[in-house]
Amino acid sequence: SPGPLEGSWRSSGSVAPVTFSPGQVEAMGVMEAAEYSVVGNEVTMTLMTGPDKGSTRQYVVKSPEMMLSKGQTYRRM
């Protein structure tokens, strides 16, 4: 489970949302299998399919409505 990350988010400057759900992530209309590791408000997502298979991404949920990743701010939709 993506824990506190679950749901749809949009980064500043992005038109397309990112949706995190158990076992998958959807971005720009492309759905990929994903595994999540949750420790408190930090979530590590590992992509299990697609061209970036095996890559990980870190997210820090700062509040129920805001998270950070790679210097970008995301807001819950």
Side-chain angles (χ1 to χ4, degrees):
S1 167
L5 202 57
E6 189 162 356
S8 295
W9 301 79
R10 181 172 287 147
S11 70
S12 51
S14 175
V15 176
V18 179
T19 302
F20 302 92
S21 55
Q24 61 188 20
V25 61
E26 181 180 355
M28 297 182 3
V30 177
M31 194 169 295
E32 296 186 70
E35 288 185 356
Y36 300 94
S37 171
V38 180
V39 178
N41 67 334
E42 296 183 11
V43 180
T44 300
M45 179 189 71
T46 302
L47 293 173
M48 306 308 291
T49 58
D52 292 329
K53 180 180 177 178
S55 67
T56 60
R57 298 195 176 121
Q58 303 284 102
Y59 301 92
V60 178
V61 179
K62 301 301 257 180
S63 77
E65 302 302 318
M66 185 183 80
M67 73 159 170
L68 303 174
S69 180
K70 292 187 174 181
Q72 290 198 19
T73 300
Y74 290 77
R75 303 249 178 232
R76 190 177 294 278
M77 296 179 53

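Quick caveat: nothing in here was measured; it's all calculated off a predicted structure.
Applying the 4.5 Å side-chain rule to ILVMFWY residues, one finds that Met77 remains a lone member of its cluster. Under a 4.5 Å side-chain heavy-atom cut-off, the cluster of Ile, Leu, Val, Met, Phe, Trp and Tyr residues that includes Val30 has no other member.
For residues 42-77, the set of pairs meeting the ring pair (Phe, Tyr, Trp, His ring centres under 6.0 Å) definition, not counting sequence neighbours, comprises Phe20-Tyr59. Residue pairs meeting the side-chain hydrogen bond (donor to acceptor under 3.5 Å, both in side chains) criterion with at least one member in residues 18-36, sequence neighbours excluded: Ser8-Thr19, Ser21-Gln24.
Judged as a side-chain hydrogen bond (donor to acceptor under 3.5 Å, both in side chains), and not counting sequence neighbours, the contacts of Ser11 are Gln72. Gln58 pairs by the side-chain hydrogen bond (donor to acceptor under 3.5 Å, both in side chains) definition with Thr44, not counting sequence neighbours. When the side-chain hydrogen bond (donor to acceptor under 3.5 Å, both in side chains) test is applied to Glu6, no partner is found at least two apart in sequence or on another chain. Applying the side chain to side chain contact (heavy atoms under 4.5 Å, CB included) rule to Lys62 yields the partners Val60, Met66, Leu68; only residues at least two apart in sequence or on another chain are considered. In this structure Arg57 satisfies the salt bridge (charged side-chain N to carboxylate O under 4.0 Å, His left out) test together with Asp52, sequence neighbours excluded. Legend: residues meeting side chain to side chain contact (heavy atoms under 4.5 Å, CB included) with Ala27, ordered by chain and number and at least two apart, are Val18.
Scanning both residues, Val61 and Met67, for their nearest heavy atoms gives CA-CB, 3.9 Å. When all heavy atoms of Gly40 and Pro4 are compared, the pair lying nearest together is O-CG, 4.2 Å. For the residue pair Ser1 and Val38, the shortest heavy atom distance occurs at O-CG2, 3.7 Å.
One distance of note links CZ of Arg10 with CZ of Arg75; it measures 13.0 Å at 0.5 Å rounding.
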